[in-house]
Amino acid sequence: MRKRPAAVPAALLACLLAVLAVLAAARPADAAASPAPARHVVVVGISGLRWSDVSATATPTLWRLAGQGSVGSLVDYAVLPLTCPADAWLTLNAGARAQADHTNAACGTFPAVTSDGTGAQVAGLPALESYNNQFHNDPDWGLLAGTASCSTAVGPGAALALADRAGHVASYLPSAAAVTAGVLSRCPLTVIDLGNLPHSERAGPLRQDDAQLARIVAGLPPGTTLVVTAPGATIKPPHLQVALVSGAGYAGGLLDASSTRQPGMVVLTDLTPSVLGWLGRSVPGGTVGSQITRADRGGLASTVKSLAGRDVAEQVWRSTHSTFFWVYALADVIVLGVIALASWGAAPQRRLRRARGWRVAGVFATAVPAGTFLANLVPWWLFGHPAAWLYGLAVAWALVIGAGALAGPWRRDPLGPFGVICLLTLVVLGIDVMTGSRLQMETPFGLSVLEAGRFYGIGNEALGIYGITALLAAAWLALLARRRWPSSPESAAVPTRPAGPAARRLTSLWTSLRQPAVLAVAVVGVFAVFASGWPGFGGKVGGTIAMVPCFLLLALAVAGIRLNWRLVLIVAVSGLALFVIFALISYFTPATGKSDIGSFAGSSLHGHSGGLLLRKINSNIGSLWVNALSPLSPIVVVVAGLMLWRPSWFGLKTVPGAYAAEPMLRAIMGVLWLMPVLGWLADDSGVIVPATALPIALPLGIAILAAFAGRAESARYVNSAVAGSSGSKPADQPA
């Protein structure tokens, strides 16, 4: 009779693995196959051009081209979120992120281009190559220039794009006014810089650029693939900009690329490999970015409105993101502090009132992240006052989730409301990652393509929340399973130092690990890690390395197995080992889709991963100085860990009381603390992982500890009251 319950989680685990495997195998690498090579490719750049500038009346040529071709948003992210025009043209040159030296020059300034016969010379390019060594992006200088046997650059930006390593441009015209049909047909590749749009009073320059574009289009030779894009901008803040491709294979569509996995979105580093592909040239293995492809779309007007709305959403994220975290954190402090002051004192009634208040506050604080993700079920970015819609929807969802958690049949369980919310958060994020991360786009804990440069998977700021909610959901289900199917003494008791033959030790270990509670942890852990780390879904390096050891530690604690040095070693390398497996799968199995971990595996196998590792390390260390409060986050994390480990050092009574009420709570709180710490060390976003998790982790931890300690206090209070009523009265009370 004891073996039947264990079969249920095992069957669930098998079904989950099968479903995830089917989903992973079914996910395509690209939206469509690459088109046949073009006879000519013409790239036209108008720096600063956004979809909000484009309309049938203001830019008739652009509008007509958009109707004929495929459209999308361009993420101009080179080295910094604000990519200057020179940075963008240099990135086209090298097929990797690059930046001009802006130390003594304005953002719109180009290195000097000197005409040299029919060509030109960019004298400062060798110095720029040395300058870019500090960024460790491994640019392949002159890659675009070597794409075709003949290429023509028009304008200073185009000269940067088509210069070779020595700064020489084979064919150069200083102005687009000199472009004729003969110039466009002379070489397979022509790159034209139409200049930078000003920040204000854009109508006049837009009309001039549109007229220039009309003249260029009229002179295009047959079989030309035309690219109109916006390499860089000169003034903050950064925006999503125009990307348009017209030619064979791109009629009436939406641009796509496996680098973003987001319909209608491509990145700057996709342009160079795409030009190579259009001209029938092979793309070098280390080139960043992917071929731009085509997907279907609806009407042009609705598509352009949607693309412009995506930029509105990015601007809302940029302008409200920091304020949101301040409000969230301060609200936690104020609400918890008011509850503590209102029920101040050591009397049992006051402690119970304080515990109940903290529990309710903790439930609603825990519901906030899920509320922000579910807000994206409504296209708030298309409404008036989009920020009010976003945060209004998020608050409404959080209130609904919190109220449901407090009213459900699990409400009497101290961990029940928190477990339900964490399970909901895990499921929402896990399914979202598997289906394209749409709910995370531009939400406070989610993905920002302009600031963070991540387009799919678990975002850096959601990593700590994702891991914490997954672990707490697993712990809650494990406790439920232990109460429903308590282990027999033979299976639960595992000696610290097992003696006897190896077979007996393995049998004992297997008996402990096949408990329903342990299998519940395994099911949740497999779902969470696979959704986050599988290259076809999220490919999150830091999440895999951080979560796997924590789930193993939780499973061992639930099984009642004490750690020895062998188990510690296995746990320590488990996350890294699974990451290596995922990376190799990504590299050798193109069907899983292009991902960062696959690129890392390829670079490592060819001995070129040093620059990437240095860039990740520098980013991790640099996260300590993002703002004035960043250095405080490690202090808070360390102090919180010490409070959980040695509460007596701080005179805390709630923590040991909670541990006494539920012995498993020590291990649960330990892994909840450990996960964001490991994420801090393993993820390139560094201290941002625990810092963004603190507004949910602190009220969650306080509320859980207070709930368990309060239940124990309530039991003691009731028992003492019952004993006092049935026995003699205390001496200090009247007879």
Side-chain angles (χ1 to χ4, degrees), residues 327-371 395 398-399 401-408 410-425 465 468-469 471-473 475-476 479 636-637 639-645 647-648 650-662 664-666 668-670 672-673 676 693-718:
V327 172
Y328 187 17
L330 289 175
D332 287 343
V333 172
I334 292 171
V335 172
L336 294 175
V338 168
I339 293 171
L341 291 174
S343 54
W344 191 264
Q349 300 97 325
R350 290 186 174 272
R351 288 202 295 267
L352 286 174
R353 192 183 308 150
R354 188 162 59 243
R356 293 190 188 104
W358 280 348
R359 185 174 187 254
V360 172
V363 164
F364 285 104
T366 307
V368 169
V395 169
L399 292 174
I401 295 169
L406 289 170
W410 45 75
R411 62 185 180 276
R412 299 189 184 279
D413 181 350
L415 203 59
F418 306 104
V420 168
I421 294 174
C422 288
L423 189 60
L424 172 66
T425 305
I465 293 169
I468 287 172
T469 54
L471 287 163
L472 188 60
W476 176 57
L479 290 177
V636 175
V637 170
V639 171
L642 291 174
M643 287 180 172
L644 295 174
W645 182 45
S648 59
F650 301 88
L652 300 178
K653 296 180 180 179
T654 300
V655 177
Y659 289 167
E662 174 52 69
M664 270 296 301
L665 199 57
R666 182 182 292 272
I668 294 171
M669 300 304 293
L672 293 183
W673 176 85
L694 284 176
I696 181 178
L698 288 180
L700 176 64
I702 291 171
I704 290 174
L705 292 168
F708 276 98
R711 184 175 70 165
E713 181 68 32
S714 178
R716 287 193 297 270
Y717 178 66
V718 170

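Positions are given from 1, in the same order as the sequence printed here.
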Walk me through it: do Leu705 and Leu665 pass the test side-chain contact (heavy atoms from CB on, under 4.5 Å)? CA-CA 8 Å; Leu705 292 168; Leu665 199 57; 3.9 Å; yes
Quick one, Val655 with Met643, criterion side-chain contact (heavy atoms from CB on, under 4.5 Å). Give me CA distance, side-chain angles, the key distance, then yes/no. CA-CA 8 Å; Val655 177; Met643 287 180 172; 5.8 Å; no
Phe364 vs Val335, side-chain contact (heavy atoms from CB on, under 4.5 Å): CA-CA, chis, key distance, verdict: CA-CA 11 Å; Phe364 285 104; Val335 172; over 6 Å; no
Could you check Leu672 against Leu472 for side-chain contact (heavy atoms from CB on, under 4.5 Å), going step by step and ending with a plain yes or no? CA-CA 7 Å; Leu672 293 183; Leu472 188 60; 4.1 Å; yes
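Side-chain contact check for Val368 versus Ile401: every heavy-atom pair is 4.5 Å or farther apart. Considering only heavy atoms from C-beta on, Arg356 stays 4.5 Å or farther from Ile339 through its side chain. At least one side-chain heavy atom of Leu642 sits less than 4.5 Å from a side-chain heavy atom of Trp645. At a threshold of 4.5 Å between non-hydrogen side-chain atoms, the residues Trp673 and Val637 count as touching. Looking only at side-chain heavy atoms (C-beta outward), Phe708 and Leu415 come within less than 4.5 Å of each other. Between Tyr328 and Pro369, some side-chain heavy-atom pair lies under the 4.5 Å cut-off. With a 4.5 Å cut-off on side-chain heavy atoms, Leu406 and Arg411 do not count as touching. Taking 4.5 Å as the limit, every side-chain heavy atom of Ile704 sits out of range of all side-chain heavy atoms of Pro414.
Every residue two or more places apart in sequence or in another chain that forms a salt bridge (Lys or Arg N to Asp or Glu O under 4.0 Å) with Asp413 is listed here: Arg483. Residues passing the side chain to side chain contact (heavy atoms under 4.5 Å, CB included) test with Ala355 are Ala706, sequence neighbours excluded. In terms of the ring-ring contact (aromatic ring centres under 6.0 Å, His included) criterion, Trp410 has no residue partners (sequence neighbours excluded).
Leu341 CG to Arg354 CZ: the interatomic distance, rounded to the nearest 0.5 Å, is 10.0 Å. Rounded to the nearest 0.5 Å, atoms CD (Gln349) and CZ (Arg351) are 9.0 Å apart.
Each of Thr425, Leu700, Ile465 was checked for a side chain to side chain contact (heavy atoms under 4.5 Å, CB included) with Thr366, and the lone residue meeting it is Leu700.
When atom types are taken as modelled, the side chain of Tyr659 and the backbone of Leu644 share a donor-acceptor pair closer than 3.5 angstrom. Within the 3.5 Å criterion, the main-chain N or O of Ala703 finds no donor-acceptor partner in the side chain of Arg359. Remark: side-chain polar atoms of Trp476 are not paired, donor with acceptor, to backbone N or O of Phe418 under 3.5 angstrom.
Gly402 and Ala367 make their closest contact through N-CB, 4.0 Å (heavy atoms, listed as atom of the first residue, atom of the second, distance).
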